[in-house]
Amino acid sequence: MKTVLVTGGCGFMGSHFIRLLGRQGSWRVVNLDKLTYAGDPERLQDIQNDARYQFVRGDIGDRQLVHELFEHERPWAVVNFAAESHVDRSILDPGPFLQTNVVGTEVLLEAAHAYRVDRFVQISTDEVYGDTEGREPSLEDSPLRASSPYAASKAAADLICLAYRRTYDMPVLIVRSSNNYGPFQFPEKLIPLIIRNSLKNQELPVYGDGGQRRDWLHVDDSARGFLDVLRGGRPGEIYNVGTGSLRTNIEIVREICALLAPRGGLGLDGLLSRVRYVDDRPGHDRCYEMDSQKIRKELGWTPEVTLGAGLELTVQWYIDHQHWLEHVVSGEYQAYYDAVYARTWQKK
Ligand code: NAD
Ligand code: TYD
């Protein structure tokens, strides 16, 4: 049975990917996760006793631990989700982003090279291409024009991966995904934040004029894309994965309000009156648009969850899992929230 080392598997996207691996076949999964504020083993509670699953708490930047893990597990493949993933946090403090996203990726590559893994899949983002407002949709060979410290750290990680490919002939594959949404996303990101604040009758913060556009991809669809690349992608290649259909942030906020209105006392007008236009995020990209024809043509991937259906399912999931939401915001969340929404960009 092949062992896949998944890093960051207690996070939002990694946990969905691990569950998909479990359903799809005869894989053994080792999940290496540091359990930062964003990591929560509860996301994988349903499989924690599965004999094919093993959790190891640790930092991908810990060279000794990573080498010992490779020595012991001899993984067939690595899928690297572990990262500091939130743009606003990278504006408050870029340091951890460089440490985990860049140095951590290099530590994994080094071990993967030493132990000759068959595949190294790097989970990347459309944000490495920078703002595509007024440009053609990004192709896999479009220039990297990262805007935020987060995006720059992910672009740096992609370049280190490609350098290991070219220099050491490593079987590296990169998948650049658009914005994900779905169950178990940490409520610092737009969609779960707006749902939670609506459920708690709090303000709904919209950055700038709310006209920025994103390509929202359901996490089940992205997980299938990552698995397709793991199984059938060509080493050395980059694959964009997105729906190609964009919405403005204010459209997303209004759709969430419309879905929640029949379930609460405020009604649609009451919910919409909670929208607050707040100072824009510094360096905010207006648009991320990618061309994902390559993964569609080469690997047959296509998104299956429409935004309408996906948002409805997601809103219902959060209504049904408010205990989980409150559990994950019980730590440093309020201090983070106060720091970001003060819009002074000072770490408190
Ligand atoms: P997340 O923040 O929900 O989870 C990140 C996970 O990584 C957490 O479990 C955390 O504990 C773990 N982690 C952080 N630092 C670590 C370290 N040093 N060592 C080991 N584990 C560590 O992130 P996510 O939204 O699931 O994103 C997963 C990956 O996908 C990231 O690489 C991100 O850049 C990328 N991505 C995310 C999106 C999105 O919309 N969320 C879109 C495109 C790409
Ligand atoms: P986010 O979920 O942080 O993802 P990313 O910045 O990686 O795209 O934000 C999505 C969009 O929503 C982005 O344009 C910023 C905007 N946004 C708001 O308007 N209000 C908010 O409270 C948050 C968190 C984001």
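In each ligand, atom 1 is the first atom listed, and ligand 1 is the first ligand listed. Residue indices begin at 1 and follow the sequence shown.
For Tyr288, no nitrogen or oxygen atom sits less than 3.5 Å from a nitrogen or oxygen atom of ligand 2, counting backbone and side chain alike. When only interatomic distances are considered, the shortest N/O to N/O separation between Asp88 and ligand 2 does not fall below 3.5 Å. For ligand 1, the polar-atom distance check finds no N/O of Gly61 at less than 3.5 Å from any of the ligand's N/O atoms. In terms of polar-atom proximity, defined here as any N/O pair under 3.5 Å, Phe12 does make such a contact with ligand 1. Note: an N/O pair closer than 3.5 Å links Thr36 and ligand 1 by distance alone. Checked by distance only, ligand 2 and Leu193 stay at 3.5 Å or farther apart across all their nitrogen or oxygen atoms. Ligand 2 has no nitrogen or oxygen under 3.5 angstrom from a nitrogen or oxygen of Asp285. Below 3.5 Å of separation, one finds an N or O of Asp33 facing an N or O of ligand 1. Of the polar atoms of His284, at least one N or O is found under 3.5 Å from an N or O of ligand 2, judged by distance alone. Between Asp59 and ligand 1, at least one N/O pair is under 3.5 Å apart. Looking at ligand 1, you'll find an N or O of Lys34 within less than 3.5 Å of one of its N or O atoms. An N or O contact shorter than 3.5 Å links Ser85 to ligand 1 by distance. Considering backbone and side-chain N/O atoms, Thr100 comes within less than 3.5 Å of an N/O atom of ligand 1. Backbone and side-chain nitrogen or oxygen atoms of Lys154 are examined, and one is located within less than 3.5 angstrom of a nitrogen or oxygen of ligand 1. Where the criterion is an N or O separation shorter than 3.5 Å, residue side chain and backbone included, Ile60 meets it with respect to ligand 1. Remark: ligand 2 and Lys189 share no N or O pair separated by less than 3.5 Å (distance only, no angle test).
Judged by distance alone, with hydrogens and angles left aside, the side-chain atoms of Arg19 form a donor-acceptor pair with the main-chain N or O of Arg43 at under 3.5 Å. Of the possible donor and acceptor atoms, none in the side chain of His16 sits under 3.5 Å from a partner among the backbone N and O of Asp221.
Below 4.0 Å from some heavy atom of Tyr150 lie the following atoms of ligand 1, by number and element: 33 (C), 34 (O), 36 (N). Interface of Val206 with ligand 2, defined as ligand atoms under 4.0 Å from a residue heavy atom, comprises 19 (O). The ligand atoms of ligand 1 that sit less than 4.0 angstrom from a heavy atom of Phe81 are 28 (C), 29 (C), 31 (C), 32 (O). Taking a cut-off of under 4.0 Å to the non-hydrogen atoms of Ala82, the atoms of ligand 1 that pass are 7 (O), 20 (C), 21 (N), 22 (C). Of all atoms in ligand 1, numbered sequentially from 1 with element shown, those under 4.0 Å from a heavy atom of Leu35 are 11 (O). If you number the atoms of ligand 1 from 1 as listed, the ones under 4.0 Å from a heavy atom of Ala83 come out as 5 (C), 7 (O), 14 (C), 31 (C), 32 (O). Residue Gly58 approaches ligand 1 through these ligand atoms, each under 4.0 Å from one of its heavy atoms: 19 (N), 20 (C). Ligand-side atoms of ligand 1 in range of Ser178: 42 (C), 43 (C), range being under 4.0 angstrom from any heavy atom. Interface atoms of ligand 1 facing Asn179, defined by a heavy-atom separation under 4.0 Å, are 40 (O).
The heavy atom nearest to atom 27 (O) of ligand 1, considering only Lys189, Glu84, Arg214, Met13, is found in Met13.
With 3.5 Å as the limit, one finds no donor-acceptor pair spanning the side chains of Arg196 and Gln202. Between the side chains of Arg214 and Tyr181, no donor-acceptor pair is found at a separation under 3.5 Å. With no hydrogens or angles considered, a side-chain donor-acceptor pair links Asn31 and Tyr53 at under 3.5 Å. In this structure, a donor-acceptor pair under 3.5 Å is absent between the side chains of Asp126 and Ser178. Between the side chains of Glu68 and Gln64, at least one donor N or O sits under 3.5 Å from an acceptor N or O.
Around CD of Glu136, the count of heavy atoms belonging to other residues, nucleotides or ligands within 6.0 Å does not exceed 12. More than 12 heavy atoms of other shown residues, nucleotides or ligands fall within 6.0 angstrom of atom CD in Gln293.
Geometrically, Arg135 does not engage Tyr129 in a cation-pi contact defined by less than 6.0 Å to the ring centre and at most 45° from the axis.
Ring geometry, Phe17 versus Phe81: the interplanar angle falls from 30° to 60°, so the pair is classed tilted. Between Tyr318 and Trp324, the angle of the ring planes lies from 30° to 60°, which puts this pair in the tilted group.
Looking at every heavy atom in both residues, Gly39 comes nearest to Asp33 through CA-OD1, 4.5 Å. Looking at every heavy atom in both residues, Ser153 comes nearest to Phe97 through CB-O, 3.7 Å. Between Ala339 and Leu92, the shortest heavy-atom contact is CB-CD1, 4.3 Å.
Residue contacts with ligand 2 include Tyr341, since one or more of its heavy atoms lies under 4.0 Å from the ligand.
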